[in-house]
Amino acid sequence: MKHKEHYISLLLSLSGKQHKGTTIPITIGELTEVLNCTPRNVKLVLRRLVEEGFVAWSAGVGRGHISQLTVIRGLEDVLTEHFNELLAKGKMKEAIDFISSHELPSALRDKLRAMLENRMGFQLEQAGAANLDVLRVTVTRKLGIFDPAFAFTVTEVFLLEQIYSRLIDFDSASQRFLSSLAHAWESNDDYTAWTFYLRKGVRFHHGLLLTAEDVRFTVERLREVHSPSCWQYEDIAGIEIVSDYCLIFRLRQPNPFLLHFLSCATMSILPHDVAFSEQKMLGTGSFKLVENAAQVLRLEAFDHYFRERAWLDLVEIWHIPSDAPRERQFSLPHMDAASEDHAAENNRAMDSLLDGCRYLIFNFSMPGIQHQSSFRQALRLLLDRELLIAELGGNRAVPANSFLVASSELASYESGSLADAEALLRESGYAGEVIQLYHHGRPVEQQDMLWLQQRAAAIGLRLSLHPYVIAEVSPQKLAQTAHLMLATEILENDTEVGLLRLFYNEDSNLHHFLTMEQRKRLRSILARYVSLPSPAERAQIVEEAEQWLRQDNWLLYLYHSRFQTQLPLALQGLAIDSFGWLDFSKLWIKK
């Protein structure tokens, strides 16, 4: 295959001359540069390409006579054949590298990506005498941090929940806590001591039995590594180990909300005998880590899982950069082009409208016109939520007036005119300066901000758009350059924890874009939250906090998104997670 790769490199270097029958004047010296070979090796490659019918070669004889190379097999033909060979041999990494590292024509890149996608979804594969049920899923954004102490994006948190277990789980449908590593728990009357009773016989992926020491180690590690989620556990004064399978959390003050914190991904229980490593993650979850590389996260079913073993044998999460919408495909084996006509009857779409939303946040930690209330009000009028959804459509589902869908659906929305926005802009003292607006580089955010930029230009407001990759630029860095930023927040399974994390975490957009005085005010509103046993009372506090953010336009809500997953009818065990993923441990194929 090496000579074929040389040929593809050669054709890609000959822009506009890659078609069958094209004759190109070229020297051996030029070929040595293109192919990065010695003259001797270039001649060997040429001989092989001529023998196998890729090119015709006419060597120039004498000074001033340039050799002639004639293309016999065009770029698309050879590239498709080479790509198919990589896929047939299971060389997924090489195939992904190929389409990521070469400057390919966009139409050809899309064709190869479609070929790659056909190798994704559910596959039946042979491993010795056994048949394996394999699920391959693609993500368009490079996976980030896989340390439970620091993970914050929805994809990483979801995947961590497949590898690790927590003391308890929160069921959003019933709003109840369910047993997990702890089979029972209780508190004293004033919620200052919580006792947990652990299951016996639970094993980590490396074979160690779970004990109370692993729980204490996990909590202490969060403090040692300065996790941004430490605020969730600051009421814990100490952990008393009663026995290997019983421990007591001693609290500094009453905290009936502690169960919520102990059920979130941050409290994924780690083994105390092994230093944490993202390359060798060890949990007690339904899947164990096999490989964590730049292109793929490979998970294998854990045969000794303390609950029911997963039906899938292997799950692979592949990173394939794409401009496609955020729609996850879970296709079954043998659903190839021949059956595309029956796709509608063999598949169904599951929609999930998740709590959380897309929003614009102003940066108050740096000087600028954004500190003027009338300027922010002008942006609020420009950012007509209902008009944006009507004109751009797609997965933009519900205008947002809150991070919670239910609250947004109860709100009323008034549309302001461009003339009103222009009057407010003049009132703010805006003098034509360029406003730096940062957003994630995904196509949907780009469309949103181009839409806003066009409306802003109509009233003389100059917005400069700056796309960035979330895994490469921190909110702290953005706070040094951005006047405002488009952000997206998807709340986790336990929406109460999700909201508190947004308001409290020190790596959040709110923390870095609000001033210290604004953060103190927000925290003063939320101060009593964890001490209240009633969800209704806590909901009132959240509404007060969001109303404070809304009333002077500290941030501008845009809309809630709909996430769609294409599912074959033969796929069983469907359980949409709060992040729009399917719980891998419950999936199986009805053959």
Side-chain angles (χ1 to χ4, degrees), residues 228-229 231-232 234 257 260 355-385 398-414 416 421 424 427-428 475 478-479 482-492 494-532 534-560:
S229 297
W231 60 270
Q232 297 178 202
E234 59 189 9
F257 196 77
H260 289 269
D355 279 314
C357 70
R358 192 154 283 137
Y359 62 99
L360 269 178
I361 181 168
F362 294 95
N363 185 3
F364 297 99
S365 66
M366 65 179 283
I369 192 68
Q370 72 274 14
H371 287 266
Q372 297 298 319
S373 177
S374 51
F375 177 81
R376 298 194 299 275
Q377 179 63 18
L379 259 293
R380 172 74 286 168
L381 294 182
L382 283 179
L383 202 57
D384 186 323
R385 289 159 279 193
V398 177
N401 195 51
S402 163
F403 288 104
L404 302 175
V405 174
S407 297
S408 294
E409 290 177 331
L410 296 174
S412 58
Y413 301 92
E414 295 182 4
L424 285 164
E427 179 185 321
S428 72
L478 290 171
H483 292 104
L484 65 159
M485 179 179 69
L486 178 68
T488 302
E489 188 70 30
I490 303 298
L491 302 183
E492 53 204 81
D494 187 340
T495 55
E496 289 192 77
V497 172
L499 282 169
L500 288 183
R501 191 191 306 280
L502 171 68
F503 295 144
Y504 272 97
N505 268 20
E506 293 184 358
D507 62 353
S508 71
N509 300 317
L510 287 178
H511 180 85
H512 291 289
F513 276 53
L514 297 182
T515 64
M516 183 179 295
E517 290 72 22
Q518 288 171 316
R519 294 198 301 270
K520 284 181 179 178
R521 172 59 181 150
L522 185 59
R523 292 196 176 196
S524 71
I525 296 173
L526 298 166
R528 295 186 304 115
Y529 194 92
V530 299
S531 66
L532 297 173
S534 164
E537 291 178 287
R538 297 196 296 267
Q540 290 178 357
I541 289 182
V542 168
E543 172 54 30
E544 183 182 348
E546 287 204 288
Q547 179 58 30
W548 177 76
L549 291 170
R550 280 191 296 260
Q551 67 185 6
D552 204 17
N553 294 304
W554 300 132
L555 60 80
L556 306 179
Y557 298 101
L558 272 72
Y559 56 81
H560 302 280

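- Residues meeting the ring pair (Phe, Tyr, Trp, His ring centres under 6.0 Å) test with Tyr557, sequence neighbours left out: Phe403.
- For residues 499-526, every residue pair satisfying the ring pair (Phe, Tyr, Trp, His ring centres under 6.0 Å) rule, not counting sequence neighbours, is listed here: Trp231-Tyr504.
- Smallest separation of non-hydrogen atoms from His560 and Pro399: CD2-O, 4.0 Å.
- Contact annotation: the side chain of Gln518 never approaches that of Arg521 to less than 4.5 Å [non-hydrogen atoms, C-beta and beyond].
- How far CG of Asn509 is from CG of Leu502: 8.0 Å, rounded to the nearest 0.5 Å.
- The closest donor-acceptor contact from the side chain of Ser408 to the backbone of Ser402 lies under 3.5 Å.
- Shown here for Ala479 and Ser365, the closest heavy-atom pair between the two residues is O-OG, 3.6 Å.
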Quick one, Leu558 with Leu486, criterion side-chain contact (heavy atoms from CB on, under 4.5 Å). Give me CA distance, side-chain angles, the key distance, then yes/no. CA-CA 9 Å; Leu558 272 72; Leu486 178 68; 3.9 Å; yes
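- For Glu427, the side-chain contact (heavy atoms from CB on, under 4.5 Å) partners are Ser374, Leu424, not counting sequence neighbours.
- Each of Ile361, Leu360, Leu484, Leu382 was checked for a side-chain contact (heavy atoms from CB on, under 4.5 Å) with Leu556, and the lone residue meeting it is Leu360.
- When side chains are defined from C-beta on, Leu478 does not count as touching Asn363, because their heavy atoms never get closer than 4.5 Å.
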- Query: Asp355 and Leu499: side-chain contact (heavy atoms from CB on, under 4.5 Å), yes or no, with the steps?
  - Reply: CA-CA 10 Å; Asp355 279 314; Leu499 282 169; over 6 Å; no
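- Ser373 is linked by a side chain to side chain donor-acceptor pair (under 3.5 Å) to Asp552, counting only residues two or more places apart in sequence or in another chain.
- The OG atom of Ser508 sits 8.0 Å away from atom CD of Glu489, with the distance rounded to the nearest 0.5 Å.
- Residue pairs satisfying the salt bridge (charged side-chain N to carboxylate O under 4.0 Å, His left out) criterion with at least one member in residues 534-551, sequence neighbours excluded, are listed as follows: Glu496-Arg538, Glu543-Arg550.
- Residue pairs meeting the ring pair (Phe, Tyr, Trp, His ring centres under 6.0 Å) criterion with at least one member in residues 361-382, sequence neighbours excluded, are Phe364-His371, Phe364-Trp554.
- Contact of the Asn401 side chain with the Arg385 side chain is registered, since non-hydrogen atoms from C-beta on lie closer than 4.5 Å.
- Pairing each heavy atom of Ile541 with each of Arg528, the nearest pair is CD1-NH2, 4.0 Å.
- A donor-acceptor pair shorter than 3.5 Å can be found between the side chains of Arg501 and Ser229.
- For Arg523, the CZ atom is densely surrounded, since the number of other residues' heavy atoms within 6.0 Å is greater than 12.
- With a 4.5 Å cut-off on side-chain heavy atoms, Arg519 and Leu510 do not count as touching.
- Once rounded to the nearest 0.5 Å, the distance linking NE2 of His483 with CG of Leu379 reads 12.0 Å.
- The CG atom of Leu549 lies 7.0 Å from the CG atom of Leu514; values are rounded to the nearest 0.5 Å.
- Gln370 CD to Asn553 CG: the interatomic distance, rounded to the nearest 0.5 Å, is 13.5 Å.
- Going from atom OG1 of Thr495 over to atom CG of Leu500 covers 10.0 Å, rounded to the nearest 0.5 Å.
- Nearest heavy atoms, Leu526 versus Ala545: CD2-CB, 4.1 Å.
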